[in-house]
Amino acid sequence: MSPIGSVLSAYQNLPSTRVDGPLPSALNPGTTGAPPVGDSGQGFGTMLDGLVSMVSGKEAQANALTTNVLLGQTGQLHQSVIAMQEASVSLSLMVQVRNKLVESYQELMRMQV
């Protein structure tokens, strides 16, 4: 399963209430150098911070690979292109999640109490 598929499936399986334990390992940013996502009792904001860090890490990795290709330090152009596409897809996913959150917030604000 791709990393984005892992994030999507983990996001869809999240309970609708506050998470009191560690989040699924699919949301762990791995080797991006970012802090782990979802320390016990930290909640939704920590998960979002971890996801933003993961996207930022993918972008930094893609930039490093592209720089190495441009400087002639490596001939793996295909790895650079793949990393750039992964970073692009991750950013698109993050923007869509943000749009859904904003849309949900606006819908809540329109509700009459």
Quiz item: Backbone N or O of Met84 within a donor-acceptor pair of the Ser88 side chain at under 3.5 Å?
Solution: no
Practice problem: Quick one: list whatever passes side-chain contact (heavy atoms from CB on, under 4.5 Å) with Glu107, sequence neighbours left out. | Solution: Arg110
Exercise. Mind checking side-chain hydrogen bond (donor to acceptor under 3.5 Å, both in side chains) for Ser56 and listing every partner two or more places apart, or none if nothing turns up?
Key: none
Quiz item: Which residue, Val102, Leu101, Val95, forms the side-chain contact (heavy atoms from CB on, under 4.5 Å) with Asn99?
Solution: Val95
Quiz item: Does one hydrophobic cluster hold both Val97 and Val55, with members joined at side-chain heavy-atom distances below 4.5 Å?
Solution: no
Quiz item: Can you name the side-chain contact (heavy atoms from CB on, under 4.5 Å) partners of Leu77, sequence neighbours left out?
Solution: Val69, Val81
Quiz item: Any side-chain heavy-atom pair from Glu59 and Leu91 closer than 4.5 angstrom?
Solution: no
Self-check item: Nonpolar side-chain network containing Leu65, other nodes, edges under 4.5 Å
Solution: none
Practice problem: Working to the nearest 0.5 Å, report the span between CD of Glu86 and CD of Gln79. | Solution: 9.0 Å
Quiz item: Roughly how far, to the nearest 0.5 Å, is CD of Gln106 from CE of Met111?
Solution: 14.5 Å
Practice problem: Establish whether Phe44 and Leu51 are linked, either directly or via other cluster members, by ILVMFWY side-chain heavy-atom contacts under 4.5 Å. | Solution: yes
Quiz prompt | Distance in Å, Ser104 OG paired with Met109 CE, rounded so as to fall on 0.5 Å steps | solution = 11.5 Å
Quiz item: To the nearest 0.5 Å, what is the distance between CG (Leu108) and CD (Glu103)?
Solution: 11.0 Å
Quiz item: Which residues pass the side-chain hydrogen bond (donor to acceptor under 3.5 Å, both in side chains) test with Thr74, sequence neighbours left out?
Solution: none
Self-check item: Partner set under side-chain contact (heavy atoms from CB on, under 4.5 Å) for Val52, not counting sequence neighbours
Solution: Met94
